[in-house]
Amino acid sequence: MESLAADLTTMIRTPLHDAHVRAMARIGTERHLKAGEWLAHAGDPITEFCYLIDGEIEAIDPRTNQRYGNASLGPTQFFGDISFLSGGAAMMSARAVKDTTLLCVARDAMLDLMRQIPEMSDIIITVYAARRRGQLESGRASLTLIGAEADRNIRRIASFAGRNRIPVRSLTLDEHEAEALAHQCNIGAPRPAVIFGKTDVIADPTPRKVAALLGLDLTFDADEVHDVLIVGGGPAGVAAAVYAGSEGMNALVVEDMAIGGQAGTSSRIENYMGFPTGISGADLCWRGEVQAMKFGARFAVPRRAAELSVRDDGTFCITLDDGAETCARALVVATGVQYRRLPIEGLERFESAGVYYAATDVEARYCRDTEVVVIGGGNSAGQAAMFFSRSARHVHVLVRGPSLAASMSDYLLSRLNADPKITIHYRTEMTALHGGDELEGVDIRDKSTGQDWRINSTAVFIMVGAAPNTGWLSGHVDLDDRGFVKTGPAVGASSAYATSCPGIFAVGDVRDGSVKRVASAVGEGSVVISSVWDFLENGD
């Protein structure tokens with residue numbers, strides 16, 4: 001299966017060309033560091049691109065204040081990772097090993113130069129992405145989570161980090177290293193915690209606080225009006241951001257959980273063109289996010305749209321869940337759909353404590369050697385069952401209907417039927433959940449026979465239904481009776497993606513009549529920008 005980036009250990013490094021360096025020299029400045037002097041500290045905002053002319057810089061692990069592996073940079077190399085594109089915070093510190101001369105270019109100026117010289121951009125982005133992959137795989141991240149196995153809040157942060165490709169180190173409460181770290185941070189006995197660097201304990205940690213620490217949670221200039229505001233960071237929203245950025249638009253994407261949306265919860269997508277061995281939904285959308293950032297699009301995560309208003313001059317303003325407001329001349333609604341909560345007593349009590357809505361490596365940690373229940377009949381449910389069958393004792397797929405032929409791809413259904421560790425239960429539903437602080441078992445009913453039985457499961461994955469995220473639109477566009485956005489001929493619009501309100505467009509799963517497939521969402525997000533451009537230029 002395709003990975004999110006090249007492997008840094010096997011990738012042949014291509015240095016920047018002399019012409020690239022000369023171009024940087026015209027807009028940058030030289031900086032001189034003495035041996036032992038710091039270039040950056042972990043958590044500092046990334047404001048410039050630094051290229052080594054001579055000397056040596058070492059990446060410093062903020063947990064130990066020692067060199068991060070063998071991460072030493074010499075002449076013709078450059079510091080940083082993919083956070084440079086988003087303007088986030090530095091994941092590693094950097095220190096001069098000996099007297100060093102650097103060529104430093106302000107971040108915005110460097111991004112403009114990268115857009116002008118694609119060959120230079122390709123080299124930089126390939127190296128940055130490979131470094132992020134190396135951090136994810138090394139287990140030596142700056143951010144440490146303790147006790148995810150015992151605390152649902154830490155699990156939510158682990159899921160947020162995993163889906164947004166944020167490197168983390170995860171320790172269980174009974175590990176000796178967790179005990180040593182707790183003592184080092186003066187928090188007493190090991191307890192669920194989130195720690196950045198060596199001793200920085202995040203109080204009352206949440207995904208939002210982690211995002212703010214890493215510079216992902218963008219703040220907004222109250223006077224800034226974007227060309228286009230894209231609400232939703234799934235495949236449709238990311239594709240729209242790529243094309244908006246490539247057309248020179250000032251584009252902002254607002255996403256409430258993780259880039260990738262519902263598609264990001266899929267462990268493997270095999271029917272997307274160009275990836276014959278498959279790719280996870282999160283990796284596919286992460287690549288798109290990097291591509292969009294290369295063109296200047298910005299992403300704010302996790303920020304949830306709460307309300308839409310329209311000014312007298314036609315400007316669209318989104319009020320976010322924290323009360324902040326951001327505005328744009330055009331709006332693309334790409335909020336997709338979310339899995340429905342089943343009407344079962346106590347369901348919310350077990351969410352992130354045995355009940356999950358995603359099938360990624362993070363959730364797989366809680367499924368080893370247990371009976372796993374997957375509820376749903378679509379491709380996402382099928383891929384989840386295949387994914388968990390590698391580590392679970394057995395996987396039970398619960399399907400309400402008599403067949404999967406109409407809802408699941410044939411290749412996937414064939415694999416489910418052939419796997420001895422997977423059982424498909426047709427005309428079956430979950431009726432109750434049992435446990436204390438954690439899920440311990442579920443009751444199942446065969447609707448054909450009326451028979452009830454219990455599965456001793458600690459992991460249930462719900463992947464059913466398609467509830468559109470449209471409440472925040474505040475009545476400004478027409479919706480169908482299920483809450484999906486009406487577009488095109490249904491509202492008398494010439495564009496297939498235009499809504500009943502000029503300047504507001506809808507793409508992907510949230511649009512009434514859309515095909516619920518990743519490839520379709522990407523296509524719609526790509527095409528809609530031409531309609532956005534026409535509206536911005538001509539008002540129609």
Side-chain angles (χ1 to χ4, degrees), residues 225-241 243-244 249 251-256 261-263 303-321 325-341 465-518 520-540:
V225 177
H226 307 281
D227 290 329
V228 60
L229 183 61
I230 302 164
V231 183
V238 172
Y243 280 80
M249 296 182 187
L252 173 68
V253 180
V254 176
E255 166 57 41
D256 73 340
Q262 193 182 79
R303 306 298 291 270
R304 185 176 183 86
E307 185 178 1
L308 170 65
S309 61
V310 183
R311 292 178 179 171
D312 292 341
D313 63 359
T315 300
F316 302 104
C317 295
I318 302 294
T319 301
L320 302 175
D321 52 355
E325 184 180 74
T326 186
C327 303
R329 297 165 58 205
L331 179 66
V332 173
V333 180
T335 44
V337 297
Q338 60 190 11
Y339 294 127
R340 295 185 186 274
R341 279 196 171 102
N469 299 311
T470 52
W472 61 276
L473 288 168
S474 312
H476 288 286
V477 301
D478 292 345
L479 308 177
D480 70 6
D481 56 3
R482 298 173 301 160
F484 290 87
V485 181
K486 291 183 178 181
T487 60
V491 293
S494 57
S495 166
Y497 310 112
T499 69
S500 58
C501 179
I504 301 181
F505 304 84
V507 292
D509 289 0
V510 75
R511 189 176 67 83
D512 176 41
S514 67
V515 178
K516 305 299 188 282
R517 287 290 185 267
V518 172
S520 175
V522 170
E524 293 188 11
S526 305
V527 173
V528 73
I529 294 304
S530 63
S531 297
V532 173
W533 181 267
D534 288 342
F535 173 78
L536 294 177
E537 290 294 301
N538 307 312
D540 56 32

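Basis for what follows: all heavy atoms, side chains included, without hydrogens, waters or symmetry-related copies. All of these numbers come straight from a predicted model, not from anything done at the bench.
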task: Could you pull out the closest heavy-atom pair between Arg340 and Ala467, with the gap in Å?
output: NH1-CB, 3.8 Å
message: Taking Val491's backbone N and O only, do any of them form a donor-acceptor pair with Ser500's side chain (distance below 3.5 Å, no angle check)?
response: no
field: Distance (rounded to the nearest 0.5 Å) between Thr315 OG1 and Leu229 CG
entry: 11.5 Å
message: Looking at every non-hydrogen atom in both residues, tell me the closest pair between Cys501 and His476 and how far apart they are.
response: CB-O, 3.4 Å
message: So if I apply the side chain to side chain contact (heavy atoms under 4.5 Å, CB included) rule between Leu331 and each of Val228, Val532, Ile504, Val310, which one comes out positive?
response: Ile504
message: Please give me the minimum heavy-atom distance between Ala236 and Val507, naming the atom from each residue.
response: CB-CG2, 3.8 Å
- prompt: Quick one: does Val332's side chain get under 4.5 Å of Tyr497's, heavy atoms only?
  reply: no
From Glu307 atom CD to Ile318 atom CD1, the distance as rounded to the nearest 0.5 Å: 9.0 Å
field: Beyond-backbone contact of Trp472 with Val333, side-chain heavy atoms, under 4.5 angstrom
entry: yes
message: To the closest 0.5 Å, what do you measure between CD (Glu325) and OG1 (Thr319)?
response: 5.0 Å
message: So Thr326 and Arg303, do their side chains get closer than 4.5 Å, heavy atoms only?
response: no
message: I need the Thr499 OG1 to Leu473 CG distance, nearest 0.5 Å.
response: 8.5 Å
task: Provide the full list of salt bridge (charged side-chain N to carboxylate O under 4.0 Å, His left out) pairs with a residue in residues 475-486, sequence neighbours left out, each pair given once.
output: Asp480-Arg482, Arg482-Asp512
task: Report the residues that fulfil side chain to side chain donor-acceptor pair (under 3.5 Å) with Glu524, sequence neighbours left out, ordered by chain and then residue number.
output: Arg511
task: Provide the closest heavy-atom pair for Val518 versus Ala263 in the form atom of the first, atom of the second, distance.
output: CG2-CB, 4.0 Å
field: From Asp227 atom CG to Trp533 atom CH2, the distance as rounded to the nearest 0.5 Å
entry: 8.0 Å
- request: Mind telling me whether Phe316 and Phe535 have parallel, tilted or perpendicular rings, with 30° and 60° as the class edges?
  value: tilted
query: Looking at Ala330 and Leu536, what are the two nearest heavy atoms and their distance?
result: CB-CD2, 4.0 Å
- prompt: Are there more than 12 heavy atoms of other residues, nucleotides or ligands under 6.0 Å from atom OH of Tyr243?
  reply: no
- line: In terms of heavy-atom contacts, Pro468 and Val510 come closest through CB-CG2, 4.3 Å
- request: May I ask you to decide if Ala239's main-chain N or O and Ser526's side chain share a donor-acceptor pair within less than 3.5 Å?
  value: no
field: Gap separating the CD atom of Gln338 from the CG atom of Asp509, nearest 0.5 angstrom
entry: 12.0 Å
